[in-house]
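Read through the structure below, which is laid out as structure tokens, and then see the notes.
The analysis underlying the following values was restricted to heavy atoms, covering all of them including side chains, and did not include hydrogens, waters or symmetry mates. Chain identifiers are assigned alphabetically (A, B, ...) following the order of the sequence lines, protein sequences preceding nucleic acid strands; residue numbering begins at 1 within each chain.
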There are 2 protein chains.
Amino acid sequence: MRIADPLQDSCAGAATRDCRHGLATNGCEDCKVRLFSVCAALEAPELEELDRISQAREVPARTTLFEQSALAGSVFNVTEGVVRLYKSLPDGRRQIVGFALPGDFLGLALQDRYGVTAEAVTAVAVCRFARPAFLAYVDDKPHLLRRLHEFAGHELSLAQEQMLLLGRRTAEEKIAAFLLNMQARYARIGTVSVTVPLPMSRQDIADYLGLTIETVSRTLTRLAREKAVLIVPDGVRLLDLERLKLAGAS
Amino acid sequence: MRIADPLQDSCAGAATRDCRHGLATNGCEDCKVRLFSVCAALEAPELEELDRISQAREVPARTTLFEQSALAGSVFNVTEGVVRLYKSLPDGRRQIVGFALPGDFLGLALQDRYGVTAEAVTAVAVCRFARPAFLAYVDDKPHLLRRLHEFAGHELSLAQEQMLLLGRRTAEEKIAAFLLNMQARYARIGTVSVTVPLPMSRQDIADYLGLTIETVSRTLTRLAREKAVLIVPDGVRLLDLERLKLAGAS
DNA sequence: TGAGGGCATTGATTTGCATCAATGCCGGGG
DNA sequence: CCCCGGCATTGATGCAAATCAATGCCCTCA
């Protein structure tokens, strides 16, 4: 099966990264570069152990990786594709709390149950760790623990930023912030381009920003009409960054 | 100075808790019970070291403990009172991302800058740790690191729940969920009562739930009119829990 | 090739909450 | 005692975004 590659756009040459477990940036045969990985320096014996407890897995779009309130049996590192994380209300209302891109960890909260559901938006490749093995591996490595903790802290910061967005920003500000944020995230994993890939549906974007599909669509077309963006297949080209930053600034 | 005590309400006898640093539940002279503290078992020598790097502090209402994007120099544990944590937009819009009650930690994200501003809502007592000392103390104690990490994971879960609330719930659902949540939190620190203390202003509640003061006020009076709650000075008495849970359930 | 389903766009209309505005309550200070 | 300022409540009105509804554009598949 061919894996959809969100990195391919305008970055074909440099996009050949396939770190299997996302935990190292050096010493690992499989790893090229992963700037935002959890641990920047693991030694060879540790890496071998890591390889033993990790398991690469590829799944097609719309696959559920784990479900909210299920027993948290695995920790995942996304290596290819996009995953949506969401919570649902009994009546079907949905809030996407984040999109995981290559390099992101899932289930790191280290609680006994998952707090969200994780679904592949595109075809996805992940590296799976059995939780007990992962915990055992991590437990006597303070530098790794520290790093994981910082990672969690960063996640929390992002969540708080998203609360500000959901609670206090207008539709246009939400869209602008979302586009700029996606561009920044793709840039970090190697896709530097004014064209931001948007592999998720309008419904996903709406459920992430606390809007409806119609409002997302209208706001995007308005931004396009005003020459702030250009809507292209599966993405958006950012034209007037100043205009967007004006709306989306933190 | 007399410290305002959110625990006093209907719990006068059991409310004599004054854990100075919030990091232990046994072996510590100063500690009575702190069920949700970070570490349930620290040994005597470790506690002495902890005491050396901690510093009790009492501040009046409206004091700023730290400001968004300031260098994170301290970690705090709240021992008395209520603290609001918020982010602001340049034009003054504000989103409160959480209220810290006794036992809660502030600045645990372990990033070099604070992501939010922390202000005392009531008079507040905190235990302050210098960050470098705290990090040094914690660094070679894997069990503590683990516990801190779990703590951060829990925070993240709460943040995600709040995103669902901000993005997808109606005004009435937001208020109901808020009241039930506050009751649960006070119950955990010893105040078991149908009367939930609300030491923060309507503006604070509005900024927490992504509403306006007027909507908060109207929704509360509607709930009161419908006999779901009874509004009392500095708080709300919950009358019809079923009705509230119907609206506020996760 | 054309029926049918999924998704996005666009328009018309409604509505939940915000905004604007007035009043009331209370506590502190002269 | 009364004035004042801060906060909460309540009512009238406005508006941004939701809802309802129609259309179009791919796809896929028979």
Side-chain angles (χ1 to χ4, degrees), chain A residues 4 60-62 82 84 89 91-96 119 121-123 165-179 197-226 229-236 247, chain B residues 4 60-62 84 89 91-96 119 121-122 165-179 197-226 229-236 247:
Chain A
R62 315 187 119 266
V82 178
R84 63 179 163 239
L89 254 14
D91 64 2
R93 282 176 289 176
R94 182 179 72 154
Q95 178 66 44
I96 292 183
E119 265 177 24
V121 171
T122 63
L165 180 146
L166 289 168
R168 288 300 181 220
R169 288 172 119 101
T170 65
E172 183 173 314
E173 290 171 335
K174 288 175 176 182
I175 296 284
F178 172 67
L179 295 178
L198 295 181
M200 68 290 291
S201 71
R202 293 289 189 264
Q203 186 63 64
D204 284 339
I205 298 175
D207 284 347
Y208 182 52
L209 301 177
L211 299 170
T212 58
I213 27 174
E214 293 95 330
T215 300
V216 171
S217 182
R218 271 187 255 273
T219 306
L220 276 175
T221 55
R222 177 152 29 85
L223 287 173
R225 194 162 49 235
E226 295 169 6
V229 304
L230 178 67
I231 297 166
V232 298
D234 298 317
V236 164
Chain B
R62 314 186 120 266
R84 62 179 165 240
L89 254 15
D91 64 2
R93 281 175 290 175
R94 182 180 72 155
Q95 178 67 42
I96 291 182
E119 266 177 22
V121 171
T122 62
L165 180 146
L166 288 168
R168 287 301 180 218
R169 293 178 116 109
T170 66
E172 183 173 314
E173 290 170 334
K174 288 176 176 181
I175 296 283
F178 172 66
L179 294 178
L198 295 179
M200 69 291 288
S201 71
R202 293 289 190 266
Q203 185 64 65
D204 285 338
I205 298 175
D207 284 348
Y208 182 53
L209 301 177
L211 299 170
T212 58
I213 26 174
E214 294 95 329
T215 299
V216 171
S217 183
R218 270 187 256 273
T219 307
L220 277 175
T221 56
R222 177 152 29 84
L223 287 174
R225 195 161 48 238
E226 296 169 5
V229 304
L230 178 67
I231 297 167
V232 298
D234 297 317
V236 164

Taking D:dT9, C:dT9, D:dC7 as options, the one with an atom nearest any side-chain atom of A:R202 is C:dT9

Using a 4.5 Å cut-off on heavy atoms from C-beta on, say whether the side chain of A:L220 contacts that of A:L179.
yes

Do B:R94 and B:Q203 have side chains that approach each other closer than 4.5 Å (heavy atoms only, starting at C-beta)?
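Yes, side chains in contact.
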
Distance, rounded to the nearest Å, where [X] contributes [atom1] and [N] contributes [atom2]:
X: B:R225; N: D:dT10; atom1: CZ; atom2: C1'; answer: 10 Å
X: A:E172; N: D:dC15; atom1: CD; atom2: P; answer: 18 Å
X: A:D234; N: D:dC25; atom1: CG; atom2: C1'; answer: 14 Å
X: A:Q203; N: C:dT9; atom1: CD; atom2: P; answer: 13 Å
X: B:L166; N: D:dA17; atom1: CG; atom2: P; answer: 16 Å
X: A:L198; N: C:dA8; atom1: CG; atom2: P; answer: 11 Å
X: B:I175; N: C:dG16; atom1: CD1; atom2: P; answer: 16 Å

Starting at [atom1] of [X], measure out to [atom2] of [Y] and round the result to the nearest 0.5 Å.
X: A:L209; Y: A:R169; atom1: CG; atom2: CZ; value: 11.0 Å
X: B:I205; Y: B:F178; atom1: CD1; atom2: CZ; value: 4.5 Å
X: B:E119; Y: B:I96; atom1: CD; atom2: CD1; value: 8.5 Å

According to a strict under-4.0 Å criterion, is B:T170 in side-chain N/O contact with OP1 or OP2 of C:dG16?
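For C:dG16, OP1/OP2 do not have a side-chain N/O of B:T170 under 4.0 Å.
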
Any residue in residues 206-218 of chain A with a heavy atom nearer than 4.0 angstrom to DNA chain C? Just list them by number, or reply none.
A:E214, A:S217, A:R218

For DNA chain D, whose closest nucleotide is more 5', that of B:R168 or that of B:R62?
B:R62

A:R168 side chain vs B:L211 backbone, donor-acceptor pair below 3.5 Å:
yes

